[in-house]
Amino acid sequence: MTAIWDEAGTRMSTVDFGGTTKTVCLAYLPDMAIGEYTIVHAGFAITRLDEESARQTLRMFAELGVLDEELAGEQGVARRDTA
């Protein structure tokens with residue numbers, strides 16, 4: 001997560017999917033913080049991950065050849081901004 005804000009009473013976030021950024025709703029994980037990792041489905045953060053689990057999931061997506069497909073849709077593993 002690279003940014004978090006309130007939009008009409010709902011926490012929203014900008015997440016980085018390996019260089020692609022998307023807006024994600026934090027309704028299911030309202031206590032997420034900038035720098036944390038999450039699994040995203042249909043535009044919602046649904047599961048918090050530790051850094052190693054996030055990296056393993058990204059590797060698995062890449063190895064299965066579904067990483068581009070995942071990043072093109074509203075699903076994937078979001079990672080924190082490392083800058």
Side-chain angles (χ1 to χ4, degrees):
M1 301 210 172
T2 60
I4 296 175
W5 67 93
D6 183 77
E7 189 172 303
T10 301
R11 288 191 67 180
M12 301 296 290
S13 175
T14 300
V15 296
D16 176 351
F17 293 88
T20 300
T21 59
K22 295 195 179 218
T23 299
V24 172
C25 180
L26 298 179
Y28 299 129
L29 298 171
D31 62 337
M32 291 291 294
I34 291 174
E36 290 189 295
Y37 295 82
T38 184
I39 291 178
V40 175
H41 177 70
F44 288 84
I46 59 170
T47 303
R48 178 181 284 111
L49 296 174
D50 61 61
E51 184 174 356
E52 182 56 31
S53 295
R55 291 185 188 282
Q56 288 175 358
T57 302
L58 284 170
R59 266 193 306 275
M60 180 184 65
F61 283 173
E63 289 170 4
L64 293 173
V66 297
L67 189 57
D68 290 336
E69 178 183 322
E70 292 294 323
L71 295 179
E74 290 295 322
Q75 303 178 46
V77 176
R79 69 179 194 188
R80 67 184 170 101
D81 181 13
T82 57

List the atom of Ala45, the atom of Val24, and the distance in Å for their closest heavy-atom pair.
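Minimum heavy-atom separation between Ala45 and Val24: N-CG1, 3.3 Å.
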
Closest non-hydrogen atom pair between Met32 and Tyr37, with its separation
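Closest approach of Met32 to Tyr37: CE-O, 3.5 Å.
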
Using the rule that two of Ile, Leu, Val, Met, Phe, Trp, Tyr join whenever any of their side-chain heavy atoms come within less than 4.5 Å, decide whether Met1 and Met12 are in one cluster.
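As far as the 4.5 Å side-chain criterion goes, Met12 and Met1 are not connected within one cluster.
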
Not counting sequence neighbours, which residues clear salt bridge (Lys or Arg N to Asp or Glu O under 4.0 Å) with Asp6? List them please.
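Listed in chain order: nothing, the list is empty.
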
Glu52: what forms a salt bridge (Lys or Arg N to Asp or Glu O under 4.0 Å) with it, not counting sequence neighbours?
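Glu52 satisfies salt bridge (Lys or Arg N to Asp or Glu O under 4.0 Å) with Arg59 only.
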
Whether Thr2 side chain and Val15 backbone form a donor-acceptor pair below 3.5 Å:
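No, the answer is negative, given that no donor and acceptor are paired below the 3.5 Å cut-off.
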
Arg11 side-chain N/O to Pro30 backbone N/O, donor-acceptor pair under 3.5 Å
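Checked: pair present.
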
Contacts of type side chain to side chain donor-acceptor pair (under 3.5 Å), residue Asp50, not counting sequence neighbours:
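Only Ser53 meet the side chain to side chain donor-acceptor pair (under 3.5 Å) criterion with Asp50.
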
Below 4.5 Å, heavy atoms only, C-beta onward: do Arg48 and Thr38 meet side chain to side chain?
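Side-chain contact under 4.5 Å: no.
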
Are the side chains of Trp5 and Thr10 in touch, meaning some heavy atoms are under 4.5 Å apart?
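No - every pair of side-chain heavy atoms lies 4.5 Å or more apart.
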
Atom pair CG/CZ of Leu29 and Phe44 - distance to nearest 0.5 Å
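Those atoms lie 11.0 Å apart.
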
Between CD on residue Glu63 and CD on residue Gln56, distance to nearest 0.5 Å
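The CD atom of Gln56 is 10.5 Å from CD of Glu63, to the nearest 0.5 Å.
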
Among Ile4, Thr21, Ile34, side chain to side chain contact (heavy atoms under 4.5 Å, CB included) partner for Thr14:
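By the side chain to side chain contact (heavy atoms under 4.5 Å, CB included) criterion, Thr14 pairs with just one of Ile4, Thr21, Ile34: Thr21.
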
Looking at residues at least two apart in the chain, or sitting in another chain, which of them share a side chain to side chain contact (heavy atoms under 4.5 Å, CB included) with Thr47?
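For Thr47, the residues satisfying side chain to side chain contact (heavy atoms under 4.5 Å, CB included) (neighbours in sequence not counted) are Ile39, Leu49.
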
